[in-house]
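Encoded as structure tokens, the structure appears first; notes follow it.
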Amino acid sequence: MTQQKHYPQHIDLEPVMHVEGTVRLPGSKSISNRTLLLAALSEGTTTIHDLLASDDTMVMLGALRSLGIQWDEVDERTVVVHGNGGVLPTGEADLFMGNAGTAIRPLTAALAVIGGDYTLHGVSRMHERPIGDLVDALNEIGAQIEYTGEQGFPPLRIRRGHIHANRMSVRGNVSSQFLTALLMAAPLMARGHAVTIDVVGELISKPYIEITLNLMRRFGVAVEQNGWASFTVQPGQKYVSPGSIHVEGDASSASYFLAAGAIGGGPVRVEGVGQDSIQGDVRFADALERMGAIVTRGENWIEARGNGVLKAIDADFNHIPDAAMTIAVAALYADGTSTLRNIASWRVKETDRLAAMATELRKVGAIVEEGADYITITPPEELLPATIDTYDDHRMAMCFSLAALDGKARRGNAMRINDPKCVAKTFPDYFEAFASIARSELF
Ligand SMILES: O=C(O)C1=C[C@@H](OP(=O)(O)O)[C@@H](O)[C@H](O)C1
Ligand SMILES: C=C(OP(=O)(O)O)C(=O)O
């Protein structure tokens, strides 16, 4: 879990004529970080297999260690966590959260409920990513959370509060991670009484809530669900380790390879995630099918291949905001204008992804309209060679590697991706994996 990679300042991707092959996916970020926290909060020891080894999981592992939770690394993908039954050995800690939403949001709720003296901070972008809806929900039930910088954003100082929570509410329209955080902390509050969480207004990114509920269930806690409006945890439930747990391959990471197969011929197969996945982002493959790609699925794999020019798509992508970025770049290879709707959350992620996507797609010649919560992309006749800026956003780097696929001739010019090290957030070996399916000669 401690390996450091050396990355150049930029990567020049030569035009790729054809893609083909099989990629073994790294573990799911969403499942890895939830599993680590649930394992720490549970009674018993959990062996986690195929855990993601990346910046985002590193900050969660580092935080757990600072909080006094013991864990041992068996090998790069296997960690044994010694759960502490909802008690934290260390009552004071300064926690660096990098830019990991899946670390800071659930930890904020758990620490506020357990109580202690904690500070949580991250990289500068983390201090621009909203957390106010979660802090409001927690302070409303007696938590003691203060902003040490700007109101509504990390860094946070958490002190011991007096939690009295039968019923609480949280807004769901900025990030689903706030509800995830409260759900995961709810069994720690449901001491002798039920806890109900009401969702105020629209809830975005719903499939991530399903991941949360699924994993809580595997750690022994059932949540009663009233549609997407409210969630209840009955008393008398506590997290109990399932003993060992396997992390699926990351479905968002799968999107780059599946799109490559659809654009660059294929077949490209991803292994580690399949038709029974608990990750909403497997539905990315449905969107690719709508664009005309041929997709096949097995229990533990998905495969995509091209079937002529991709068809433009006009769809709501609220359910798969991360993988939707891959659709935006795949749209460069479509037969007309594509529209991606209901993706306002892009603005508060690793960067303002609507602005970044529009800027970089224009560099390769696309005509782009950037709306408050949508983007339309009209591809050029030929992609222009360009230097792509990545805004310290792993997904900008990964999805723009697809612009090297030479579905449209680029007269031999490389596509330059600046600052490729940002992929370390979720996929440190991304460019090696991409190179393994890329063929630069037609055969
Ligand atoms: O809960 C999760 O694991 C995630 C939820 C999504 O965020 P939002 O709910 O903020 O859209 C997603 O973009 C993020 O990468 C991971
Ligand atoms: C939005 C993302 O990350 P985070 O978990 O930090 O929200 C992402 O991985 O695309």
Side-chain angles (χ1 to χ4, degrees), residues 11 13-26 28 248-277 279 281-313 315 317 320 322-336 338 340 364 377 379 382-383 395 397-410 414-415 417 423 427 429-443:
I11 284 184
L13 298 171
E14 297 302 326
V16 176
M17 300 300 178
H18 180 75
V19 292
E20 194 170 337
T22 299
V23 171
R24 175 95 208 146
L25 296 167
S28 154
E248 293 178 8
D250 193 295
S252 321
S253 299
S255 70
Y256 313 109
F257 305 103
L258 296 176
I263 298 162
V268 175
R269 180 177 283 212
V270 290
E271 286 180 348
V273 76
Q275 59 200 8
D276 301 327
S277 169
Q279 298 168 74
D281 269 11
V282 285
R283 288 172 62 191
F284 170 82
D286 304 350
L288 267 191
E289 270 178 323
R290 282 182 60 184
M291 295 178 83
I294 298 172
V295 177
T296 43
R297 299 165 180 82
E299 213 173 287
N300 198 33
W301 56 269
I302 307 175
E303 189 175 283
R305 68 174 76 210
N307 183 24
V309 179
L310 288 177
K311 294 194 283 258
I313 188 166
F317 284 98
I320 55 167
D322 295 355
M325 292 177 74
T326 316
I327 296 288
V329 179
L332 288 172
Y333 298 91
D335 61 0
S338 292
L340 284 65
V364 297
I377 301 136
E382 275 185 13
L383 296 191
R395 299 202 192 285
M398 295 190 282
C399 58
F400 271 91
S401 66
L402 299 174
L405 302 183
D406 217 16
K408 303 193 174 182
R410 254 186 308 106
M415 197 61 76
I417 309 283
V423 299
F427 199 158
D429 297 331
Y430 176 74
F431 286 102
E432 287 87 339
F434 183 75
S436 77
I437 59 161
R439 314 272 182 269
S440 51
E441 281 150 36
L442 268 182
F443 58 89

Nearest heavy-atom pair of Ala403 and Val329: which atoms, and what distance? N-CG1, 4.3 Å
Measure the spacing between CZ of Phe400 and CZ of Arg395 and express it to the nearest 0.5 Å. 14.5 Å
Suppose we call two aromatic rings close when their centres sit under 6.0 Å apart. Are Phe427 and Tyr256 close by that rule? no
Ile302 and side-chain contact (heavy atoms from CB on, under 4.5 Å): which single residue from Val268, Val270, Thr296 fits? Val270
Looking only at atom types and distance, does a side-chain atom of Glu248 sit under 3.5 Å from a main-chain N or O of Ser277, one as donor and one as acceptor? no
Indicate yes or no for a side-chain donor-acceptor contact from Asp429 to the backbone of Glu432 under 3.5 Å, with no hydrogens or angles considered. no
Roughly how far, to the nearest 0.5 Å, is the CD1 atom of Ile417 from the CE atom of Met398? 11.5 Å
Under 3.5 Å, side chain of Glu303 to main-chain N/O of Gly298, donor-acceptor pair present? no
Output for pair (His18 NE2, Ile263 CD1), nearest 0.5 Å, gives 13.5 Å
Is the shortest side-chain heavy-atom distance between Leu405 and Tyr333 below 4.5 Å? yes
Between Glu271 and Arg269, is the closest basic N to carboxylate O distance under 4.0 Å? no
Quick one: closest heavy-atom pair of Ala260 and Val19, and the distance? O-CG2, 3.1 Å
Enter the distance from Arg24:CZ to Phe257:CZ here, rounded to the nearest 0.5 Å. 13.0 Å
Does a side-chain heavy-atom distance below 4.5 Å link Leu402 with Thr326? yes
Flag, side chain of Asp335 to backbone of Ala312, donor-acceptor distance under 3.5 Å: yes
At their closest point, which heavy atom of Val282 faces which heavy atom of Ala251, and how far apart are they? N-CB, 3.7 Å
Please name the pair of heavy atoms, one in Gly249 and one in Gln279, separated by the smallest distance, quoted to 0.1 Å. O-NE2, 2.7 Å
Over all atoms of both residues, closest heavy-atom pair of Arg290 and Ala315: NH1-CB, 3.7 Å
Would a 4.5 Å heavy-atom cut-off, applied to side chains only, mark Ser401 and Leu13 as touching? yes
Please round to the nearest 0.5 Å and tell me the distance separating atom CG of Leu340 and atom CD1 of Ile313. 7.5 Å
Tightest non-hydrogen contact, residues Ala331 and Pro379, listed as O-CG, 3.6 Å
Tell me whether Arg297 is salt-bridged to Asp286, with the criterion being a basic N under 4.0 Å from an acidic carboxylate O. yes
Separation between OG of Ser255 and CE of Met325, rounded to the nearest 0.5 Å: 9.5 Å
